[in-house]
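Below is one structure; the comments refer to it alone.
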Amino acid sequence: MNNNLRNYLSIAFAFFLFVGIVAGFQCCSSDTGGFIKAKEFGGENEIVLTTSQPVQDNIAPESFTVFEENDPDILMHPSKIEKGVDQKNNPTLTLSFADPLNQSNTHVVKAPELVPGTGPINLEVARSYLAFLVSIFIANLLINNYVFTKYLGLCVFMGTSKRKKTATGMGIVFTIVMLVSAVMSWLVNTYILQPFHLDFLQVVVFIGLVSLTVQAVDTILRKVNPILFNSFGVFLVLVIANCIIIAVPLYMANNHYNLIETIMLALGAGGGFLLALYLMSNVRERLELAPIPESFRGLPIAFVMAGQFALAFLGFSGLQIL
Amino acid sequence: MERGCGGKPFLLAQKKRFSPTNTMSNTLTKGQLIARGVLSQNPIFKLALSMCPAVGMSTTVMNGLMLGIAVFFVQVFSSMTISLIKNFIHPRIRIPTYTLTIATWVTVIDLVLAAYLPAAYAEMGIFIKLIVAFAIITMRLETFACKESPSDSFFDAVGMGLGFMFGMVVIGFVRELLGAGTILAGTPIAIEVPIHPFLFFILPCAGFFVVGIMMAFFNWIEAKYNEGKTSNE
């Protein structure tokens, strides 16, 4: 079992390494070249440009035009421009705005001629891709937790949260099936459904893929690792009855996520379900011993507890992700 | 030959409740089948299945009713389909067969609603598509439709569909009454109730509290009823 655990951990590690490398590659591939070395958001109302050559003096703030990429009608101008240097003594240009910027959207900066002889330039300023991936993960884990803020998967949630051991088993199996079926749904959606305009088949195809995954995991696990199957096999069939498993592919298709974003979405949703199950099972083990009115025993008190968790999770809605 | 049914119950949580009574052939009349779905085995308050829409979609009576109607049709059509083809389903692939049958009917209902009732469709959003994963429908297919005749399955499905609709409307009634002070707002028969609206009940998380308290309330009524019956005897 110890050996097994080490194998799984190394697989998980290799997977995260892969995600990291691909994400890093995507992140660096968006380099502009030229004399702009870096462009990023500074404070909540700042855009910082780092240049390789000193920019010319007397640039008026009005000569810059900034807008959000998906909203090109609303133009903004910086209220003031400051020149400075960063740690490596590269010249920087800080554009300050009167109001905070919505940093989750890509901003397009139309700049005038900064260095003599180069002409005006257009720049796209976006948050780093890795941060975006992490934000998808955290958003689905906490802020939009599928159980406590989207109210999905409740049947299985109530059915398997009586014991801590059952709850963690269900959560782990669910996360694995979620990950596999989300990746398969992404492949089918991107390469078959979208090119042939078969959007109306989404529900049938996605749930079919889930059933297929569950059946495959069931068969493989039964042969390859019977011990693991004995402890986790009973949860497999419950996975299909969980609304989250179909909500995630639909959400992915609506938002046109790419593969890595889909993986982060699936991990966030699965992890959120695991977290919810674990929290709830802890409470319900205590509730078994508590003096509760007769008619509230069992499910009714569990629902009231879930309501309190949901209230607590409302607090995460104020969380601002980098 | 092994038939498509008679395997282990689909839902682990429901094992205790269902295996003894439902593995044998149906002896209930049509009226009893319907009454069972609405009252003694109500999908929301008694079986505690399909809780996601009961919490997420029950902010008003109208929302509850619309989703209830959608679920009703999906349940009836899927039960009938499975009941008709039950002899051709191999037991090992019965669960995927149920899921694909339900998914087909959900797609049909989804397209019909999008075409004829776009406003209600926009209101319900993703929940229509999620009917495919509602445990109640799969559970009825596994425990009833794949063993019984199409006509019995039809009445069982009607009972369960009506029971679900009834539960949704009752929860929606309480939440709309207390949260907005209206009943059936936006329809010709809207009623204004002169109470101070308590915003908490419109907040989605209140769904958990309302469902929990109502379940306890029904348990209490049942206990009182049984108590009265035993003391009379």
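Aromatic pair A:Tyr151/B:Phe208: centroids less than 6.0 angstrom apart.
Annotation: side chain of A:Leu154 is in contact with side chain of B:Val55 (closest heavy-atom distance under 4.5 Å). Using a 4.5 Å cut-off on side-chain heavy atoms (C-beta onward), B:Thr107 and A:Leu201 make no contact. Looking only at side-chain heavy atoms (C-beta outward), B:Met51 and A:Phe157 stay at 4.5 Å or farther from each other. Side-chain contact between A:Leu299 and B:Phe45 is absent, with no heavy atoms from C-beta onward closer than 4.5 Å. Side-chain contact between B:Pro96 and A:Leu212 is absent, with no heavy atoms from C-beta onward closer than 4.5 Å. The shortest side-chain heavy-atom distance between A:Pro300 and B:Asn219 falls under the 4.5 Å cut-off.
Closest non-hydrogen pair, B:Ile126 versus A:Ala247, comes out as CD1-O, 4.2 Å.
With a 4.5 Å cut-off on non-hydrogen atoms, B:Thr99 touches chain A through its backbone and its side chain both. B:Phe127 touches chain A through its side chain: at least one heavy atom from C-beta onward sits under 4.5 Å away, while N, CA, C and O do not.
Between chain A and the options B:Ala133, B:Ala54, B:Cys52, B:Pro53, heavy-atom pairs under 4.5 Å are most frequent for B:Cys52.
More than 12 heavy-atom neighbours from other residues, nucleotides or ligands sit within 6.0 angstrom of OH on B:Tyr121. The number of heavy-atom neighbours closer than 6.0 Å to CZ of B:Phe200, taken from other residues, nucleotides and ligands shown, is above 12.
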